[in-house]
Amino acid sequence: MLPALSNEAAPLILLATALVVFLGIEAWRRASRRATRHAREVELLQARLETLRDENWELAEREERYRDLVKAQGDVIIRKDLKGRLNYVNDVFCDTFSLTRADVIGKQFLPEVPEGEQQKILGSFSGLALPPYRVRFDQRVQTSRGPRWFAWEEFAIRDEDGRLKEIQTVGRDITERKQAEEKLAEALEQAKAASRAKSLFLATMSHEIRTPMNGIIGMTQLLLDSGLTAAQRSYAGAVKSSGEALLAIINDILDYSKIEAGKITLEEHPFDLPSAVESVAELLAPRAFERGLEIVSEIEPGIARRVMGDEPRIRQVLLNLAGNAIKFTSEGGVVLRLRLGDYAYPDDKLHLIIEVEDTGIGMDAGTLETIFEDFAQADQSHSRRYEGTGLGLAITRRLVLVMGGRIEVESTPQKGSLFRVHLPLGQVAEEQPPVPQLEGLRLVILEDRPLVVPALARAAAYVGADVTCVASRTALEEHLRRDRADIFMCMIEGAAGEGAELARLARRLNPGIATLVLLRPQERDHLPVLTGHEQAAFDAYLVRPVRTTSLLTRLAALADGIEATDEEEAEDGTGATPAAADTESLNILVAEDNEINALLTRTLLEHVGHKVTIAQNGQKAIEALEAHEAGTFDVVLMDLHMPGMDGFEATAHIRNLNDARNAIPIIALTANAMAEDRQNCLNAGMDDYLSKPVAADALARTLLRWAGKQSPNIANPAAKAV
């Protein structure tokens, strides 16, 4: 039994007990907190360990993926140190060169190349020190599978401080690509050879066909110029027209082949565009008039006459379009218009628009979509009425595109078609010729040609004339009884009656009025009756199709009471060729091996008074020159393809003669019609070029150009005649 506590000791004991309890509780709390903290640290460690295990797994997976990627890509991969020793190669390298890593690691390596090929350095730092820090090249090397092409790419590996430490080289096998490229190059060369063969074939066939065509067309023309019966003239005319149709087909095929081969080149020179348009109308006028059609050229007043461009190509476009229009028109006619557009081309080029409109058969919407395609025909049926290759419009479109322009077409079935060509042409800084002014002139025109008269009326009105168009005899009488007029103009015969009768009526109703008649070329036989004497019905005439300048000049002359001069008549578009008559008699040496062509050329030349000597080949031509004194012959017409010695060799021999005979003008007269043929002739020392079949007027103009002149293409200038 415990002793009883005193009153003083009891509180102390209680305090001590409380303190012990407190200390125990505090110690327990501290231990609990430490345990909790340790548990949290364990959890964190476990989470970190889990994260590390995940990262390690992902790293292993990425490494495995990288190894699989490197293995799968099939490229050779090499790494080298700064001394060029390999420190890494992949399995593809080992397989490609049949080597193990033990064979190459720590050693230098260069692949073996086939015999005769140059070794290229792999792993050099040359070229890697500058951006883009890469070097690429192709090389053929020896491998375990034989010679293979590799595309090598080298790039520098740098450390953290940017210093070069390694070179990595990747080589990709491109043997299949190289083989495909070689096959493609071989195929391209074969295509070029085929194109050259096609061009040679076309040139050869052109020559072989044109040679007899020259004889057919030329001799037929000579036959037509002789005294034939009506039936014989009809037969001969059919032969000539058939020959010309065949020649047109040959020209189309040649043009098409040149465009396909990309051999169309443009030569820009200053030329008179309005005159070119009007001359095409004149050239096609006989064909149009023969079909009972009108053909009119209409030039917008004030348009620039001189422009820069390729005149022959523009004339070809016009001839194709206008010739087509005539072919597909049976009533009415064809209009050629030239006007200024408003599009702003670069380099201050003019926007010029050429329109060819006809009143022919027209086209439907389906035909319009394909009309410019190769070999397209508006009528594709077996019973089609219109012959041709179907290349004319395709050639025209491509020529326009080459010249930087575009072509459009509008058409309505049975109402006609309108082709519109937009061309950018350079301006020529030349003063425009003066245009006659007709202010106050009162002009009355009988409007019985719906295509012709409006164009003439607009041209006269632009320069100030007061123009009235009357549609009938009654309307003419009413107008002249009511108003005075200065000039009356009409056709020789029209719907309103005979032109001469109407002209006399105009004189009775309006004394002092001048009268002007419009004739077709074949109506010129009526001139002695219509003009030139006191009882004549007309004071002057113009030949259709009428040029704008000729019309205005003639109207101004009539207004001033001046009779037409011969020069004015020459501008009327009569189609006459004064060159033959103006050329003096020449002594001409003709080198031609074809007997028919030689006969034709002799006949054409002797017909206009020239003296002709025929040589059967180039050697005979040289012998003829050497057998005569210098100056005996005035010009040589040289064929190209002749047996023994051709025209090129003969020309070279003539140019090297040691006297004045080496300066004789030499004109190529050949059936070769390609553009390069002309240049080849000029390069060979010839002075001019005529393509067979040769028209008499073209031959006459060329002879006129060289009559009395010497050639500048001589090889021995000291021997040139003074």
Test side-chain contact (heavy atoms from CB on, under 4.5 Å) applied to I354 and I314, step by step: CA-CA 10 Å; I354 300 173; I314 293 175; 4.1 Å; yes

Donor-acceptor under 3.5 Å (D539 side chain, T515 main chain): yes

Any side-chain heavy-atom pair of D358 and F328 under 4.5 Å: no

Residues D688, R705; criterion salt bridge (charged side-chain N to carboxylate O under 4.0 Å, His left out); working and verdict: CA-CA 10 Å; D688 218 323; R705 187 158 55 244; 2.9 Å; yes

Euclidean distance, S275 OG relative to E282 CD, rounded to 0.5 Å: 7.5 Å

Pairing of R481 and E477 as salt bridge, 4.0 angstrom limit: yes

Closest contact, heavy atoms only, A460 versus V467: CB-CG2, 3.9 Å

Atom pair CG (D310) and CZ (F271), whose distance is rounded to the nearest 0.5 Å: 8.0 Å

Distance-only donor-acceptor check, side chains T468 and R442, under 3.5 Å: no

Check against side-chain contact (heavy atoms from CB on, under 4.5 Å), I588 and L703: CA-CA 10 Å; I588 301 173; L703 292 175; 3.9 Å; yes

R406 (side chain) donor-acceptor with V400 (main chain) under 3.5 angstrom: no

E290 CD: over 12 foreign heavy atoms closer than 6.0 Å: no

Heavy-atom pair of closest approach, residues V612 and R602: O-NH1, 3.7 Å

Derivation of the side-chain contact (heavy atoms from CB on, under 4.5 Å) call for K709 and D687: CA-CA 11 Å; K709 296 181 181 178; D687 301 291; over 6 Å; no

Polar side-chain atom of T359 near backbone of E331 as donor-acceptor pair, under 3.5 Å: yes

Reported OG1-to-CG distance for the pair T329 and N324, which is rounded to 0.5 angstrom: 9.5 Å

Spatial distance of atom OH (Y462) from atom CD (Q437) [nearest 0.5 Å]: 8.5 Å

Separation between CD of E606 and OG1 of T601, rounded to the nearest 0.5 Å: 11.0 Å

Whether N510 side chain and A485 backbone form a donor-acceptor pair below 3.5 Å: yes

Donor-acceptor contact present, side-chain S411 to main-chain G416, <3.5 Å: yes

Side-chain donor or acceptor of T553 paired with backbone N/O of S550 under 3.5 Å: no

Any V409 side-chain heavy atom under 4.5 Å of L393 side chain: no

Closest non-hydrogen atom pair, S417 against G362: OG-CA, 3.6 Å

Side-chain heavy-atom pair I303, P274 within 4.5 angstrom cut-off: yes

Nearest-0.5 Å distance that lies between atom CG in D486 and atom CG in L443: 9.0 Å

Backbone N/O of N587 and side chain of D634: donor-acceptor pair under 3.5 Å: yes

4.5 Å side-chain heavy-atom contact, L605 and L637: yes

Side-chain heavy-atom pair R337, E357 within 4.5 angstrom cut-off: yes

Closest contact, heavy atoms only, L451 versus G332: CD1-C, 4.0 Å

Minimum side-chain heavy-atom gap R420-R339 below 4.5 Å: yes

Partner of F488 by side chain to side chain contact (heavy atoms under 4.5 Å, CB included), out of L516, V517, L509, L502: L502

H610 and L699, any side-chain heavy atoms less than 4.5 Å apart: no

side-chain hydrogen bond (donor to acceptor under 3.5 Å, both in side chains) partners of residues 293-309, not counting sequence neighbours, each pair once: D272-R305, E294-R449, E294-R544, E298-R458, R306-E430

H422 and H351 aromatic ring geometry - parallel, tilted or perpendicular at 30°/60° bounds: parallel

Closest non-hydrogen atom pair, L283 against P286: O-CD, 3.5 Å

I326 vs R291, side-chain contact (heavy atoms from CB on, under 4.5 Å): CA-CA, chis, key distance, verdict: CA-CA 8 Å; I326 293 173; R291 293 172 56 87; 3.7 Å; yes

Heavy-atom pair of closest approach, residues L446 and C490: CB-CB, 3.8 Å

Side chain to side chain, L352 and L340, heavy atoms closer than 4.5 Å: yes

R507 side-chain N/O to A537 backbone N/O, donor-acceptor pair under 3.5 Å: yes

